[in-house]
Amino acid sequence: MKKKRKLIMMVAASGMAGFAGSCGSGNNMQYPKAPMDNSVTDQYFDLTVADPYRPLENDTAPATLEWVKAENALTESYLEAIPYRGNINKRLTDLNNYKKTGLVTKEKDGRYYYYENDGLKNQSVLYRSNTPYGEAEVFLDPNTFSEDGTVALQGVSMKNDGKLAAYIISRSGSDWNEIFVVDTDSAKLLKDHIEWVKFSDAVWQGDGFYYSSYPKPEAGKEFSNANENHQIYYHKIGTPQSEDKLVYEDAKNPYHFHSAYVPESEDYLFVYGSGEGNGNSIIFKNLKTGGDWTTIEPSQDNNITIKDVENGKALAITNYNAPNNRLVEIDLTQPDKKNWKDVIPQQEGVITDIEIAGGRLLVTIEKDAADKLYEYDRDGLLIREIELPTYGSIAVSGNKKSDEVYYSFSSFTTPSSIYSLDLKTGDSKKLKSAEISEFNPDDYITEQVFYPSKDGKKIPMFLTYKKGLEKNGQNPVYLYGYGGFNVSLTPGFSPNRLLWLENVGIYAQANLRGGSEYGEEWHQAGTKLNKKNVFNDFISAAEYLIDNQYTSPDYLTIEGGSNGGLLVGATVNMRPDLFKVAIPRVGVMDMMRYHLFTIGWNWASDYGRSDDSKEMADYLYSYSPLHNIKNDGTVYPAILITTADHDDRVVPAHSFKYAAQLQASDTGNAPKLIRIDSNAGHGGGKPTSKIISEYTDIYSFIFNNLGITPDPK
């Protein structure tokens, strides 16, 4: 689940996990018996809902731990018997073994910083040089932070004088972060250490920085209990965290996020509030003159992001009165919305980001789910479009004090390439590109199609496959979707996906409602009482691929993660006949109780809650993956569920309960397995070795159940 920032009663287990039940896959597979309590029910208005696998919500209970161990043993024994699993692992290792170079940024100390991974390092290394991609030295190497590569570098923020840098780490994929500080010249670690940080940057001002955190959680419940009262603190360099000053909190709204923003001029402190609505509130105070907080936007009805402040005037991207976003100027002496002035009005596409460099505005606009790049002057006059190679995604790096601009571009078959942009001519020069062993991107093609959903709405979808592919209804298809939280799926690169493509598979990426591909109206069309639009969009994508002879149900795999895991679980229940294999990853599977764990309450703006109203409770129950598994002999596809023990975004109890119910139900003989990773979280910062291992198992499971032996290369 992407965090939005603009990101119980426990019942004792009734028994230890052992092997019981029948439910085979042609090899008399016996599923572990899950801890149960058949007396557990919840009342939602006039709806009574049984929750027999409630004991699995206690992920540290001995019975749950034994069940996890037994499930992993069963899954491993199944996967181990697949004869080409080793070949898949070797090929994925080869595909990942290429130099990956990130976008360069000119930092406040005048040096150039970029991430790079020379091949198979678990974490990318942060380098710096005196010229863009010149002779470089290591600044921070997160591979030295742990022996197994499970400590990830989440971000680095440099003091405005360039003398100090704060860096943020996460351990084992958790959303909990820690902040450390280094001297920029020597890279020497200072004594400063901040803990229990979540959904925050280090925002420098004066002799310290602002950060957001939660109160220290109860021991043993760090990864499951609901997080409440997000606070902003100021840390002065050289002092212990216990002396940090509380700058802002809103105790009356414990389920709000709060984050700080300070412009380079350091004359204002802005505080964003989010977590309840679809946007964010914003207040500020003048740090030079002091005084009380001034409100720009009190509600969370609209998105407002400050991009720059100069001479008391802020540049901001907002969707207020502009579902596709616009760039406005806000005079901070009269910040009421009626006084905002358009700099770049709403466009046909969605304005997604703006970078400032050399007095110019570099604007990213998403059109039909692909990025476009435009150059404007500071007054909002369009100068030119920067031509991009094909459908793709970009990121732009600029510095308002310099005319240097760099951007990265990637597509489904092209890894990230880095370009410099000449603002005088508009010409781009490629600085960095990558080559992958025995893979030629020219052998493949990407097309975009538009298909009708159940209600007739046209939905875009990208299809990538090898040139010369025959539409004979027998091509294996990997259909991916998300459809939620204003997240747009633009074309991007994954080396692991290449294994599928080179085995004559089609990769299909559907741009479902609920995302931001066409602005806020597209997002709202896939939320709350409109959520089933998302599932119907996905089902219609599968039907389009079948009707147009790209594939057939015997060759169709669906996959999605987080909100996309919910998507897979819901659509399998609705149309199990359409799919041969389903991979729900770290999914939200219990729609009645999701809001009770960690930051689950934050998703209510998209989902609604079971305690909102009878109508909302009934609607959530009608599609909740856990509660709609058929138990009447209906044949389900082969299903491999994935989760992780340190996932504190979508807690593993969702997948645990879903797997237990699925295995106990009569859904045919195809395997229903769960893969539970250790020392891993929701996916962010996962080491390369774990990514390769996970995709080895996913592809082995898919090919085995499609009856296809992949080419080992």
Side-chain angles (χ1 to χ4, degrees), residues 82-84 87-88 91-92 94-95 368-370 389-392 411-414 436-453 458-481 489 491-512 537-560 568 571 575-583 637-638 670 695 698-713:
I82 299 174
Y84 44 76
N87 290 334
I88 288 177
R91 182 55 182 155
L92 287 175
D94 290 342
L95 288 169
D368 289 330
T390 184
Y391 303 113
S411 71
F412 289 118
T413 56
T414 307
I436 298 178
S437 173
E438 299 181 33
F439 182 83
N440 182 5
D442 293 335
D443 292 341
Y444 299 85
I445 188 172
T446 294
E447 63 171 320
Q448 186 177 40
V449 299
F450 293 82
Y451 64 89
S453 189
K458 290 289 187 179
I459 311 297
M461 177 166 58
F462 291 107
L463 305 176
T464 301
Y465 50 86
K466 186 170 285 188
K467 291 177 180 177
L469 177 137
E470 182 182 352
K471 294 182 183 179
N472 57 12
Q474 298 181 21
N475 300 299
V477 167
Y478 194 116
L479 174 59
Y480 178 81
L489 294 185
F493 183 77
S494 166
N496 303 301
R497 190 184 301 135
L498 303 185
L499 183 139
W500 183 261
L501 294 176
E502 65 188 14
N503 279 279
V504 201
I506 300 172
Y507 175 72
Q509 183 166 291
N511 296 102
L512 316 173
D537 290 354
F538 203 49
I539 289 169
S540 296
E543 291 174 333
Y544 174 89
L545 292 165
I546 294 167
D547 292 344
N548 287 274
Q549 292 293 298
Y550 286 98
T551 192
S552 67
D554 286 338
Y555 297 96
L556 184 50
T557 295
I558 54 172
E559 188 253 303
V568 171
T571 53
R575 288 295 305 276
D577 58 302
L578 278 181
F579 318 112
K580 188 70 172 179
V581 182
I583 313 290
Y695 274 96
I698 288 173
Y699 281 129
S700 297
F701 184 86
I702 293 172
F703 282 120
N704 189 55
N705 284 282
L706 293 182
I708 296 173
T709 300
D711 184 348
K713 291 295 177 185

- Message: Any side-chain to backbone donor/acceptor pair from Asn475 onto Val504? Under 3.5 Å, distance only.
- Response: no
- Determine yes or no for a side-chain-to-main-chain donor-acceptor pair under 3.5 angstrom, with Asn704 supplying the side chain and Ser700 the backbone. no
- Heavy-atom donor-acceptor pair, Ser552 side chain to Gly473 backbone, under 3.5 Å: yes
- In chain order, what residues pass the side-chain contact (heavy atoms from CB on, under 4.5 Å) check against Pro452, with sequence neighbours excluded? Lys458
- Is the side chain of Tyr84 donor-acceptor paired with the backbone N or O of Asp711 at a distance under 3.5 Å, no angle test? no
- Query: Heavy atoms, side chains only, cut-off 4.5 Å: are Thr464 and Gln509 in contact?
  - Reply: no
- Query: Under the ring pair (Phe, Tyr, Trp, His ring centres under 6.0 Å) test, which residues partner Phe493, sequence neighbours left out?
  - Reply: none
- Item | Check: Gln448 side chain, Asp368 main-chain N or O, donor-acceptor pair, under 3.5 Å | yes
- Nearest heavy-atom pair of Ala542 and Leu556: which atoms, and what distance? CB-CD2, 3.6 Å
- Message: Going by ring pair (Phe, Tyr, Trp, His ring centres under 6.0 Å), name the residues that satisfy it together with Tyr507, two or more places apart in sequence or in a different chain.
- Response: Phe412
- Note on the structure: Contacts of Ile708 meeting side-chain contact (heavy atoms from CB on, under 4.5 Å) (sequence neighbours excluded), chain-then-number -> Pro476, Tyr555, Phe703, Leu706
- Query: Between the main-chain N or O of Gln474 and the side-chain N or O of Asn472, is there a donor-acceptor pair closer than 3.5 Å?
  - Reply: yes
- Query: Listed by chain and number, what are the side-chain contact (heavy atoms from CB on, under 4.5 Å) partners of Asn440, not counting sequence neighbours?
  - Reply: Asp442, Asp443
- Message: Can you give me the closest heavy-atom contact between Leu489 and Asn511, atom names plus distance?
- Response: O-ND2, 2.7 Å
- Task: Specify the closest pair of heavy atoms between Ile583 and Phe701, including all atoms of both residues, with the distance to one decimal.
- Result: CD1-CD2, 4.0 Å
- Message: Under the rule for side-chain contact (heavy atoms from CB on, under 4.5 Å), what residues qualify as partners of Asp547, not counting sequence neighbours?
- Response: Glu543
- Looking at Pro576 and Pro637, what are the two nearest heavy atoms and their distance? O-CD, 3.7 Å
- Message: Under a plain distance cut-off of 3.5 Å, with no hydrogens placed, do Tyr465 and Glu447 share a side-chain donor-acceptor pair?
- Response: yes
- State whether the side chain of Tyr699 and the backbone N or O of Asn496 hold a donor-acceptor pair below 3.5 Å, judged by distance alone. yes
